[in-house]
Number of protein chains: 2
Amino acid sequence: MMNESVILELQRATHATLHLLMTELADLDLTASEINALGNLADGVERTASELGAAVGSRPATLTGILDRLERRGLIVRGPRQGDRRAVQISLTPQGDQTAALIRRALTDIEDRTLAGIPADAVAGAGVVLRALTGAAR
Amino acid sequence: MMNESVILELQRATHATLHLLMTELADLDLTASEINALGNLADGVERTASELGAAVGSRPATLTGILDRLERRGLIVRGPRQGDRRAVQISLTPQGDQTAALIRRALTDIEDRTLAGIPADAVAGAGVVLRALTGAAR
DNA sequence: TATTGTTATACTCTATAACTATA
DNA sequence: TATAGTTATAGAGTATAACAATA
């Protein structure tokens with residue numbers, strides 16, 4: 001057989017999980033990219049726009065629109081970055097923090113449910129492969 | 001730490017590899033979704049539009065546009081499906097087959113290069129996890 | 001009645017390039 | 001000069017719903 005490209009499987013899995021995530025979180029009325037951004041911010045670590053862009057895989061120009069909507073809805077705030085006045089620091093508002101926690105819980109739920117019967121070393125291997133593929137683009 | 005969600009890593013890896021792939025195949029002047037569709041068709045197996053949609057993770061309405069462009073460029077052909085006249089059979093033209101082979105080679109190159117130092121069982125584990133995540137959405 | 005695929009609409013994502021402000 | 005982020009533009013992806021043809 002031929003259809004075993006990891007990258008093609010990667011894209012299938014991304015589409016499938018993203019769709020599942022948006023269905024479960026439909027009440028939040030957020031797009032996939034907005035969910036992705038909040039999911040990355042959920043750890044409470046403040047990031048500059050470019051750092052967040054690297055984490056979510058969006059270009060600066062794309063991220064501007066995503067952040068515009070999240071800010072307009074009161075989920076994040078743009079502020080100054082100490083020591084570099086060109087950079088924009090992104091922080092969650094209390095409401096954004098609450099929403100991000102819901103997203104984190106949905107992510108964990110889906111992962112727990114999906115990977116229940118799968119050996120821990122397979123999951124660990126997946127992490128290694130995903131990070132290698134992510135790193136390859138630099 | 002908190003930022004170790006497999007799904008978030010999945011999205012990062014997808015963005016990164018897709019970007020890399022489009023850069024390497026810039027000469028083809030194809031979008032990510034078009035590359036994805038041709039990459040899935042590269043095995044020479046004919047598929048209906050809905051089967052291809054499931055493989056690439058696109059909805060029917062989205063796929064229509066993707067197929068429109070691929071057909072206009074002479075890379076695929078839409079034909080009838082034996083036994084079900086509602087369905088549309090997608091086949092590669094000779095030119096499409098050639099393009100699909102280039103995509104396959106680029107995919108293989110990236111994967112070989114990226115996963116060179118990674119143990120085979122980690123790669124196998126990644127496959128298991130990716131298929132589990134893909135299957136969870138059903 | 002249900003399914004396959006297309007069309008229509010509105011919105012979001014994307015790439016690119018030009019721009020402002022800081023460094 | 002280089003970097004961080006925004007703006008502008010055009011094209012592509014997305015969800016949704018309505019539709020035609022076929023099952």
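Side chains included, hydrogens not; waters and symmetry mates left out as well; all remaining heavy atoms used. Throughout, protein chains are lettered first and strands after them, A, B, ... in sequence-line order, and every chain is numbered starting at 1.
Heavy-atom distances to DNA chain C give each of A:T31 and A:G83 a nearest nucleotide, and the one nearer the 5′ end belongs to A:T31. Toward the 5′ end of DNA chain C lies the nearest nucleotide of A:G57, the other residue of the pair A:R85 and A:G57 mapping further downstream. Taking for each of A:H15 and A:G65 the nucleotide of DNA chain D with the nearest heavy atom, the 5'-most of the two is the partner of A:G65.
Whole-Å rounding puts the A:Q11 CD to D:dT14 P distance at 11 Å. Protein atom CD of A:Q82 is 17 Å distant from nucleotide atom C1' of D:dA4, rounded to whole Å. In this structure, B:M22 places its CE atom 12 Å from C1' of C:dT16, rounding to the nearest Å. Between A:L21 atom CG and D:dA15 atom P there is a gap of 13 Å when expressed in whole angstrom units.
For the residue pair A:N40 and B:R12, a side-chain donor N or O sits within less than 3.5 Å of a side-chain acceptor on the partner. Between the side chains of B:E111 and A:S5, a donor-acceptor pair is found at a separation under 3.5 Å.
Residues A:T14 and A:Q11 fail the side-chain proximity criterion, which asks for heavy atoms closer than 4.5 Å.
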All N/O donor-acceptor pairs, side-chain side in residues 86-94 of chain B, below 3.5 Å, sequence neighbours left out:
residue, atom, partner, partner atom, Å
B:R86, NE, B:D84, OD1, 3.2
B:R86, NH2, B:D84, OD2, 3.1
B:Q89, OE1, B:R81, NH1, 2.9
B:Q89, NE2, B:E46, OE1, 2.8
B:S91, OG, B:E46, OE2, 3.4
B:T93, OG1, B:G74, O, 2.6
B:T93, OG1, B:L75, O, 3.3
B:T93, OG1, B:Q95, N, 3.4
B:T93, OG1, B:G96, N, 2.9

Check: protein-nucleotides 3-9 of chain C nitrogen or oxygen pairs below 3.5 Å:
residue, atom, partner, partner atom, Å
C:dT3, O4', B:R86, NH1, 3.3
C:dT3, O2, B:R86, NH1, 3.0
C:dG5, OP1, B:A49, N, 3.2
C:dG5, OP1, B:V88, N, 2.9
C:dG5, OP1, B:V88, O, 3.4
C:dG5, OP2, B:S50, N, 2.8
C:dG5, OP2, B:S50, OG, 2.8
C:dT6, OP1, B:R78, NH1, 2.7
C:dT6, OP2, B:T64, OG1, 3.0

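Dashed line: the shortest gap from a side-chain N or O of B:S58 to OP1 or OP2 of D:dT14 is under 4.0 Å.
In this structure, A:R47 and A:D43 approach most closely via the heavy-atom pair NH2-OD2, 2.9 Å.
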For the pair B:D68 and B:R78, evaluate salt bridge (charged side-chain N to carboxylate O under 4.0 Å, His left out) and give the outcome as yes or no after the intermediate values.
CA-CA 9 Å; B:D68 282 350; B:R78 278 187 256 225; 2.2 Å; yes
